[in-house]
Amino acid sequence: MITAVRNCGQLVTLSGSPEPRVGSQMSELGILAHGSMLIEDGLIKWTGPDSELPAYDEDIDAKGMLVTPGFVDAHTHAVFAGDRSSEFEQRIQGATYQEIKEAGGGIMSTVQATREATFDDLVSSANQRLRWMLASGTTTLEVKSGYGLTFESETKLLRVARSLGPQRIVKTYLGAHAIPPDSDSKKEYLDSLIVNLSKVEFLADFCDIFVESGYCEPEDARRLFTATKLKARLHVDQFTNNGGAKLAAELGAKTADHLEQTDGDGIAALRQAGVIPVLLPASVYCLGLSKYPDARLMIQEGLPVVLATDFNPGSSPTCSLPFVMSLACTQMRMTPAEALTACTINAAHALDMGDRVGSLEPGKRADFIIHDVKDYREIAYWVGHNSVAQVFLNGQNIWSKN
C-alpha cells in the first residue's frame, strides 16, 4: 500500500548531507513548494512536486499547510513523580535554584517522590507527558533517569523509559545527576555507581553526568566514563564555567548540554573534538536568568547546534519544542531555519538516529507533522501558539488536533 501526502504548501524535507548540519547548511531546509511525499511500509519512498506525483493507493491531503519532519527532543527528564510548582513561586519571590536546593527542595524533593512512586504510576504520568510532547510535534525523544539516585530506583526509571510510547525513545542513564543526602559521601555514592555500571548498560543507550559545583566535579566524570562502555553525554557549564566543554571534548562525548557559561575556548574545543552542543534555552528562561548559550558563535565556528527542551519538574517545566525555537530566535539570535534544523536533523544525530529520522528523505521513517500554517517561520513566530494539526509516526496518524 502506497500512501501519498500531497498538496503541501511547503514540504520541508531537510534533505542534504548525511552528517550533522553546520554553518550555512543549518539554513538549507530543502523546501518543496507545493510538494508531495510517498510512503510505503512506514518509510519514505519519494519526495517531489505535486505535478510529478507518481501513482499511489491512498492519500493524505495536507490542504496547502506546512509539513515538516517530526521534532526530535534530544534532552528530557520526562520520568519523575510529583511537581515543584511551589518552587516556581519561590523563585518568583527571589529564591535562587541553589538556595532552594540547600533548603531541602530542588532535585531531592523530586527524588523522594520518585522513589516512593510505583512503576505503574511512573509509566502513567510519563505517558501523559509524552502525550503533551506529541501534541507539540515531538516524535522522537531522549529520556534520562536521574531522579532515583539508588541502583534500584535508577534501573526502575530506565525500565519505565523503555516501556513508554508511542514515540521513539532513546534512554540515558543519569545516576550521577546529584549526590543523595542519604549517601555517606560523594566518593561512596560514585563508587556504588561504577560498581553497578555493567548492570545498567543493557538498559541504556547513553550515560550522563551533571558536572557543576556542589554536584559532580570533572574528576568524577573521568572516573565514571573510564568505567562504562556507554557513550557519554554531559551536563556542563550551566551555572559556572568550570571547563565543562573542554572536559566533554577530552572525554570524546557525543554531546555537551547546557553550555550557558561556555566561552570561546570551550567552543573551539567542542569543534575540534566533534562534540555536538545541545542548548537548553527554556531552562534559562524558566529560572529567570539572562545568560543564554552563545549559539551564534557556535554556528559561526562550525558546530552542529541542537535545541532541546530539558523538560523537567524544576528548571524547565516545558515540553514544547516550538516554544524553545521561539526562545532560540529571540534570545540567541538563531534564525527560524537554524532553529528548525536544530530540532530535527541535528537533534537526530545527537541521538545517533540521523540515518533514520530528522528529515523527510527516501529510506527514512515517515515521521512528520502537518502544521496549520503556511510557512516554516510561523512555528517560532506565533509564540505560545501550537500550530500542530496532525502528527504521523511511520506514516500513521497518531495525533490530531480535532
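With 3.5 Å as the limit, one finds no donor-acceptor pair spanning the side chains of N312 and R84. Defined by atom type and a distance below 3.5 Å, a donor-acceptor pair is present between the side-chain atoms of H75 and H235. The closest side-chain donor-acceptor pair between T255 and D257 falls under 3.5 angstrom. The closest side-chain donor-acceptor pair between E142 and T76, if any, does not fall under 3.5 angstrom. Inspection of the Q167 and T138 side chains reveals no N or O donor paired with an N or O acceptor under 3.5 Å.
Open room surrounds CD on Q396; 12 or fewer heavy atoms of other groups in view lie less than 6.0 Å from it. Other residues, nucleotides and ligands contribute only 12 or fewer heavy atoms inside 6.0 Å of the CZ atom of F88. At most 12 non-hydrogen atoms from other residues, nucleotides or ligands lie less than 6.0 angstrom from NZ of K45. Other residues, nucleotides and ligands contribute at most 12 non-hydrogen atoms within 6.0 Å of the NZ atom of K229. Within 6.0 Å of CD on Q272 lie no more than 12 heavy atoms contributed by other residues, nucleotides or ligands. Heavy atoms from other residues, nucleotides or ligands lying under 6.0 Å from CZ of F225 number more than 12.
Of the possible polar contacts, one joining the E212 side chain to the F239 backbone as a donor-acceptor pair under 3.5 Å is found. Side-chain atoms of S136 do not come within 3.5 Å of backbone N or O of S320 as any donor-acceptor pair. With R233 contributing its side chain and C207 its backbone, the two residues share no donor-acceptor pair below 3.5 Å. Under a 3.5 Å cut-off, the side chain of T155 and the backbone N or O of F151 do form a donor-acceptor pair. At distances below 3.5 Å, not a single donor-acceptor pair connects side-chain atoms of N394 with backbone N or O atoms of L43. A donor-acceptor pair is defined here as one N or O able to donate and one able to accept, closer than 3.5 Å; such a pair exists between the side chain of N346 and the backbone of V305. Remark: the backbone N or O of R6 is not paired with any side-chain donor or acceptor of D59 at under 3.5 angstrom.
Classification of D205 and K254 as a salt-bridged pair fails, no side-chain N sitting under 4.0 Å from a carboxylate O. A salt bridge links R377 with D375: the distance from a Lys NZ or Arg NE/NH1/NH2 to an Asp or Glu carboxylate oxygen falls below 4.0 Å. Between E338 and R296 there is a salt bridge, since at least one side-chain N of the basic residue sits less than 4.0 Å from a carboxylate O of the acidic one. Salt-bridge check for D372 with K401: failed, with every basic side-chain N at 4.0 Å or more from each acidic carboxylate O.
Looking at heavy atoms from C-beta onward, K374 lies in side-chain contact with E378 at the 4.5 angstrom threshold.
Shortest non-hydrogen contact noted between M332 and A295 is CB-CB, 4.0 Å.
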What donor-acceptor contacts under 3.5 angstrom involve side-chain atoms of residues 47-57, with partners at least two apart or in another chain?
unit_1, atom_1, unit_2, atom_2, d
D50, OD1, N7, N, 3.2
D50, OD1, S36, OG, 2.1
D57, OD2, I2, N, 2.7

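R129 forms a cation-pi arrangement with F80, by the criterion of a distance under 6.0 Å to the ring centre and an angle within 45° of the ring axis.
Ring pair H77/H177 is parallel by interplanar angle, where below 30° counts as parallel and above 60° as perpendicular.
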